[in-house]
Amino acid sequence: MSIKLKTLDLKKRMQSALQGGGAKAIEKQVAMGKMTARERIISLLDPNSFHEYDLFVEHAAKDFDMDKKHLPGDGVITGTGTINGFPVCIYAQDFTVAGGSLGLMHARKITKIMDHAMNLKIPIIGINDSGGARIQEGVNSLAGYGEIFYRNTRASGVIPQISVILGPCAGGAVYSPALTDFVFVVDKISKMFITGPEVIKSVLGEEISMEELGGARVHSEITGNAHFFSESETECFEKIKKLVTYIPWSNQKKADPFPKKAPKTKQFKIDKIIPTDPREPYDVRDVIRSISDDSDFFEVQEMFAANMVVGFGRLNGQTIGFVANQPMVLAGVLDVDSSDKAARFIRYCDSFNIPLVTLVDLPGYLPGIDQEHAGVIRHGAKILYSYSEATVPKITVILRKAYGGGYIAMCSRHLRADFVFAWPTAEIAVMGPEGAANIIFRHEIMNAEKPEEVRKKKVAEYKKKFANPYVAAAHGYIDAVIEPSETRRFVNHALEISAQKKEMVPEKKHGIPPF
Ligand code: HXC
C-alpha cells in the first residue's frame, strides 16, 4: 500500500474512533445539556493545542458478550495541551461509550497520562462523566481504580491535580476526585455519591433524588467536596483557566509572576471597612481586595463554611494564598468545617510554594454540644497543624478580635508566622471582655449592691486593659501596630524580604496530622 493509501486508511480509522459512542448516544448527551468529552477538552485547552494519545486503544474483555462490542478509545480521551500557554495532561471520560464506565484499558489510558504528568512535572486534569466500574470487567475495573487512587496519592503535593465532575461520578469512582486538589462541579450536571438513590431506598427505605443526594450544590455547600461551583460547563472551564494562572506547574516551581497592579482604592477603602462598633460585621473580602493587586481575589470553596474565607490573589505580582475569618458569617468563628477548609488550603499553598497572608478577626472556636460531638477538637487541631507545618512565608494581620484559641490558631507568632501586624482596632485577649469580666469579677459583681453597674464597670476596665494590640506588642508577639492604610506596604515588604525563606523541618518520614 502506498503512503497515500496508508494515510487514507489512518484517516478512516481516526474518523471512526472520533465518533465515540455514535450519533444516538451523542444526541442523548447533548439532550442532557452536556458537551461531549472531546468538545470539553477543546473548550478548555488553548486552540489547536490538544494532542491526543491512545486513540486506538481497545478493550480486551470477553465475558458478557464484550468480545462482540467495539468501544472507541475504550470510553476515555487522553492527551496533552496548554491552558493560557500552561502545559497540562488531561483526560475526559466519554459517557457516550458504555457510559464512560471504567474497564482495564480505560484505566490504563488514565494511569498512563497520569504517569506522564508526574514524569513531566505538569498538572493533571481529569474530566469525570462515568457510570463507574465497568461491571462486565469485574475485578479488572476495581484494579484500575486502585491504580488511579495510588497515583493520585503519590502525585499529591507534587503536581496540581484538578477534577471536573461533568456527569455521574458514582461508587468508589468518587475517591479519585476526593484525593485531588480542586474539584469543579456544574449545577444540574454533576452527581457524586458512594451509593445512589436506588441502593439507599432498598437498604434504608429512604427516598431522595440524585440531585438532592449528590448534586453540585450539595457538594459545594454541605459536604465541602467541591471547591468551585458553576452554572454551566463553559463557566466551569473559564474558572479552571483562571485557577491555573495562580498555581505553579509543580512543587519544584513558583507560580508565574504577573505585572504588579495597585488595588482599586476608590472602590475598596481600607480605612472604612471595619465598623466602629466591634460587634458589627463586615465583609473581610473587602479587606483582601483593598490590599491585593488589582483588587483581585479568586475565592476557593466560596459556598462552604463561609465563616472562613480562603482563596488566591496577588501581591507584588506574586500569587498569595489568603486565609481570613469572615465576621459576616457566625462572627468568623472556627468550627469543624471552617477548620477543615482552612487547613486543607494552607497545606495546598505550602506544598506549592505559595506564601500565606492571614487576616484575623474571630471570637474563637465555636462552643456547643454539636461541635464537640462532631469533633471540633480533632478538626480544630488541623489548622494548628497545617500552619505550624507550613514553611512558606507566613504574614498575619490582626484586624479586630483575636480571642483565645482563635488568636493562636490563626497563624500567630507562636505557630511561626514570620511577621505579625495588628491594626489599632485589634483586641488580643484570652476571651471577649464580657465573658472575661463575668468570670474574673464574678464575686465582686454578685456581691455588689448594683451588680449590673459593677459588671459594666468591670467590662470597661477589662476592655481598656486588654482589648487592644499593645499588651501583645509589649511582649513582642506583634511586630508592628500599623494603620490600616499601611497594610499593603507592610505586607508587600514582609513578602519581599521573605522571598528566600528556607526553613528546615525535623527529620521524619511524615507527620501524623489529625485527619
Ligand atoms: C457498564 C455501564 C455502566 C457500568 C452505565 N453503563 N454504567 N456499563 N458498567 N458501571 C452503560 C449502560 O449499560 C448503557 O449502555 C450506557 O452506559 C448508558 O447508561 P444509561 O443507564 O443508559 O444512562 P443513564 O440513564 O443516563 O444513567 C446513568 C447512570 C446509570 C446513572 C450512571 O447508567 C447507572 O446507574 N449506572 C451504574 C452506576 C453504578 O452502580 N456504578 C457503580 C459500579 S460499582 P447501553 O449499551 O445501553 O447504551 C463501582 C465500584 C468502584 O463503581 C469501586 C472502586 C473502588
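What you are looking at is a predicted structure, and each value in this text was computed from that prediction instead of being measured. In what follows, residues are counted from 1 in the order of the sequence shown.
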For E212, check salt bridge (Lys or Arg N to Asp or Glu O under 4.0 Å) against everything at least two apart and list the hits.
none
Are K239 and E235 close enough, and set up right, to give a salt bridge (Lys or Arg N to Asp or Glu O under 4.0 Å), and what steps lead you there?
CA-CA 6 Å; K239 285 190 179 162; E235 186 191 328; 3.2 Å; yes
Distance from I240 atom CD1 to N84 atom CG, nearest 0.5 Å?
11.5 Å
In this structure, NZ of K394 is separated from CG of D418 (nearest 0.5 Å) by 7.0 Å
Close aromatic pair by centroid cut-off 6.0 Å: F298 and F312:
no
Quick one: sort the F297 and F322 rings into parallel, tilted or perpendicular, breaks at 30° and 60°.
perpendicular
Excluding sequence neighbours, so at least two apart, what forms side chain to side chain donor-acceptor pair (under 3.5 Å) with N140?
none
Side chain to side chain donor-acceptor pair (under 3.5 Å) for T82 and D46? Distances and angles first, verdict last.
CA-CA 6 Å; T82 58; D46 293 336; 2.7 Å; yes
Spatial distance of atom OG (S338) from atom CE (M308) [nearest 0.5 Å]:
4.5 Å
From S101 OG over to F95 CZ, what is the distance, rounded to the nearest 0.5 angstrom?
9.0 Å
Would you give me the side-chain donor-acceptor pairs under 3.5 Å for residues 160-171, sequence neighbours excluded?
residue : atom : partner : partner atom : Å
Q161    : OE1  : N152    : ND2          : 2.9
Q161    : NE2  : N152    : O            : 2.8
S163    : OG   : T180    : OG1          : 2.8

Any donor-acceptor N/O pair, D9 side chain to L5 backbone, under 3.5 Å:
no
Is it true that atom NZ of K62 has more than 12 heavy atoms of other residues, nucleotides or ligands lying nearer than 6.0 Å?
no
Enumerate the salt bridge (charged side-chain N to carboxylate O under 4.0 Å, His left out) contacts for residues 127-148, please, sequence neighbours excluded, ordered by first and then second residue.
K34-D129, R40-D129, D74-R134, R134-E137, E147-R151
Would you call I110 and L102 a side-chain contact if the rule is heavy atoms closer than 4.5 Å?
yes
Sequence neighbours left out, what pairs pass ring pair (Phe, Tyr, Trp, His ring centres under 6.0 Å) with at least one residue falling in residues 131-180?
Y145-F149
D54: which residues meet the side chain to side chain contact (heavy atoms under 4.5 Å, CB included) condition with it, sequence neighbours left out?
V57, T78, K109, K112
Sorted by first residue and then second, give each salt bridge (charged side-chain N to carboxylate O under 4.0 Å, His left out) pair with at least one member in residues 374-390; sequence neighbours left out.
D340-K382, R347-E389
So how far is it from L204 CG to E207 CD, rounded to the nearest 0.5 Å?
12.0 Å
Decide side-chain contact (heavy atoms from CB on, under 4.5 Å) for L366 and L334; before the verdict, give the C-alpha distance in whole Å, the side-chain angles of both, and the deciding distance to 0.1 Å.
CA-CA 6 Å; L366 180 63; L334 279 175; over 6 Å; no
Starting from the C-alpha separation in whole Å, work towards a yes-or-no answer on side chain to side chain donor-acceptor pair (under 3.5 Å) for N128 and S130.
CA-CA 6 Å; N128 295 255; S130 162; over 6 Å; no
S351-N251 side chain donor-acceptor pair, cut-off 3.5 Å
no
Can you pull out every side-chain hydrogen bond (donor to acceptor under 3.5 Å, both in side chains) where at least one residue sits in residues 88-100? Sequence neighbours excluded, please.
Q93-H106, D94-T96
With H70 via side chain to side chain donor-acceptor pair (under 3.5 Å) - residues at least two apart:
E58
Selection residues 181-204 - residue pairs positive for side-chain hydrogen bond (donor to acceptor under 3.5 Å, both in side chains), sequence neighbours left out:
K191-E211
F229 ring center near F304 ring center (under 6.0 Å):
no
Tell me if a side-chain donor or acceptor on H51 pairs with a main-chain N or O of S49 at a distance below 3.5 Å.
yes
Once you round to the nearest 0.5 Å, how far does CD1 of I41 lie from CZ of F50?
4.0 Å
For the residue pair D350 / Y387, report whether a side-chain donor-acceptor contact shorter than 3.5 Å exists.
no
Kindly write out the residues that satisfy side chain to side chain contact (heavy atoms under 4.5 Å, CB included) with Q326, not counting sequence neighbours, or none if the list is empty.
D283, V284, R285, V309, M328, V329
Mind telling me whether H227 and F182 have parallel, tilted or perpendicular rings, with 30° and 60° as the class edges?
perpendicular
Testing K261, R488, R314 one by one against D293 for a side-chain hydrogen bond (donor to acceptor under 3.5 Å, both in side chains), which residue passes?
R488
Residue set satisfying side chain to side chain donor-acceptor pair (under 3.5 Å) with T80, at least two apart, ordered chain then number -> Y53
